[in-house]
Amino acid sequence: MIPKPNIFSREGKFKQSWDAFVLLMTVVAAIETPLRLVLQLPVEGALLIVDSFIMGTFLIDMVLNFLTPVRVNDQLVTSRKGIALKYLKGWFILDLLSIFPWTLFFGASWGGVKLLRLLRLAHIATFMQKIAKANIINASLLRMFILAFWVALFAHWAACGWIALGAGNIGPEWHAEKNLLYLRSFYWAVTTIATIGYGDVTPVTPQQTMFAIVIEIMGAGLYGYVIAIFAGLISNLDAARKKFTEQIDEINTFMRFRHIPQVLQNQIRDYYDYMWESRRGHNESHVLADLPHSLKLKVSIFINQAMLEKVPIFEGAGEALVKELVLNLKPTILTPRDYVFQAGDEGDSMYFISSGQVEIVSADGKTVFATLAAGSYFGEMALLLSQPRSASARALGYVDLYSLEKNTFDRILEKFPSFQEHLHELATQRQSGNKK
Ligand code: CMP
């Protein structure tokens, strides 16, 4: 049975924007609610609007949660009953507690219970986990951001707690204005958490002293944790570069140990520079090796499309041919003045140039028959006409090549006879051109 289409798709744009909005409201609630409670701000005017907005958002979100398909053990549940059951067993209680109008039922003295809204912060934790899993943003950067967010929120709560307990020895001049009182208390929280503790704001009552001790202990732990995490994250930020540098270090050590001639050492370093500049050190075949066939095909088509589009002989080639080619092309890099093959060699592959230039030269390397650029191909004659290489092929600078092995080449030509004819025609033209 085809599942009934639901109004809200989990991955749909609407739901994602909504989730982001709910998240924002949760953060606003986490900041606003405790602050309003400790500063005893009356819920009126702008605050009333914000408060109602937050409550309205949470309420609508609960309703939406009954309508949005959920994933259970990797299966999408789309039936109303299934969705409701999953929600009731999961977040429902927590969400309900966070929006329950306590003061309405039990009177104003229950205002403190509004702090239950903070329970919704648990959503933030799962949301952030989801983002981290999706790998859309640099994971290290994201983790730093999340950590900074929690530390700032913790400092805010500590400041609110400090105010609730009477704000220690903060003088009356700071008490005159509520924002000044908060500023001074936040200052106390930050200096305590960061283990700076200047001692200018200190506890007076036993409760304040106990609170200060708790925040100090938590602060010391948090501070150490943050430093350790940040140090690790910063070193991970450019993991690709780090890995690449390690590889180069290893090669440098090896070359020195083996007394490799300086000229060759420079060539090798030059090659690594090129690898970094052209593809950030990635080896295409290695990166794709673990992917299943269908995904590999998609990635290969995407990567090679630009290259294949540049090759005139593939203009108008059917999708089937392109797919077949793409999957069998092997990337190779030539360093300056490398020979791909020499005239007279036996032919085992043909080549497509992705970037850079290749010279087709006579056996002695003195006469240049042609200079081929990105989008050209060579080495097809030996395969098509079953003869030795008619000329040598030499890289001018760094060249990115894709090679196609003879067996695959033969198989593809057999499958696509019109392509074979076309290639044949061009090969005879090239050959007669060289003889003139
Ligand atoms: P092959 O004979 O296998 O090896 C040398 C290759 O150089 C040859 O295939 C052609 O692909 C290529 N080639 C030879 N002559 C020319 C030319 N005049 N213009 C372009 N490419 C050529």
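For ligands, and for the atoms within them, numbers begin at 1 and follow the listed sequence. Bear in mind the structure is a predicted one, so any value in this text is a computation, not a measurement.
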From Gln387, Glu346, Met350, Glu380 - option closest to atom 11 (O) of ligand 1 by heavy atom: Glu380
Nearest option to atom 13 (N) of ligand 1, as decided by whichever heavy atom of Leu423, Ile360, Asp345 sits closest: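 Considering heavy atoms of Leu423, Ile360, Asp345, the nearest to atom 13 (N) of ligand 1 sits in Ile360.
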Give the numbers and elements of all ligand 1 atoms closer than 4.0 Å to a heavy atom of [X].
| X | result |
| --- | --- |
| Ser390 | 1 (P), 2 (O), 4 (O), 5 (C), 8 (C) |
| Phe341 | 4 (O), 5 (C) |
| Ala382 | 1 (P), 2 (O), 3 (O) |

NZ or CZ of Arg430 within 45° of Tyr377 ring axis and under 6.0 Å: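 So Arg430 does make the cation-pi contact.
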Polar atom proximity, Tyr377 to ligand 1 (N or O, under 3.5 Å): no
Residue-ligand contact Gly379/ligand 1, heavy atom below 4.0 Å: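 The answer is yes, since Gly379 has a heavy atom less than 4.0 Å from ligand 1.
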Sub-4.0 Å heavy-atom contact, Ala391 with ligand 1: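 Per 4.0 Å heavy-atom rule, Ala391 contacts ligand 1.
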side-chain contact (heavy atoms from CB on, under 4.5 Å) against Ala159, all qualifying residues, sequence neighbours excluded: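 side-chain contact (heavy atoms from CB on, under 4.5 Å) list for Ala159, sorted by chain: Tyr182, Ser185, Phe186, Ala189.
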Distance-only donor-acceptor check, side chains Trp18 and Asp61, under 3.5 Å: yes
Residues Lys406, Asp410: salt bridge by 4.0 Å N-O rule: yes
SB check Asp249 Lys242 (cutoff 4.0 Å):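 No, Asp249 and Lys242 are not salt-bridged.
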Sequence neighbours left out, cut at 3.5 Å: what donor-acceptor pairs do the side chains of residues 216-232 make with other protein atoms?
none

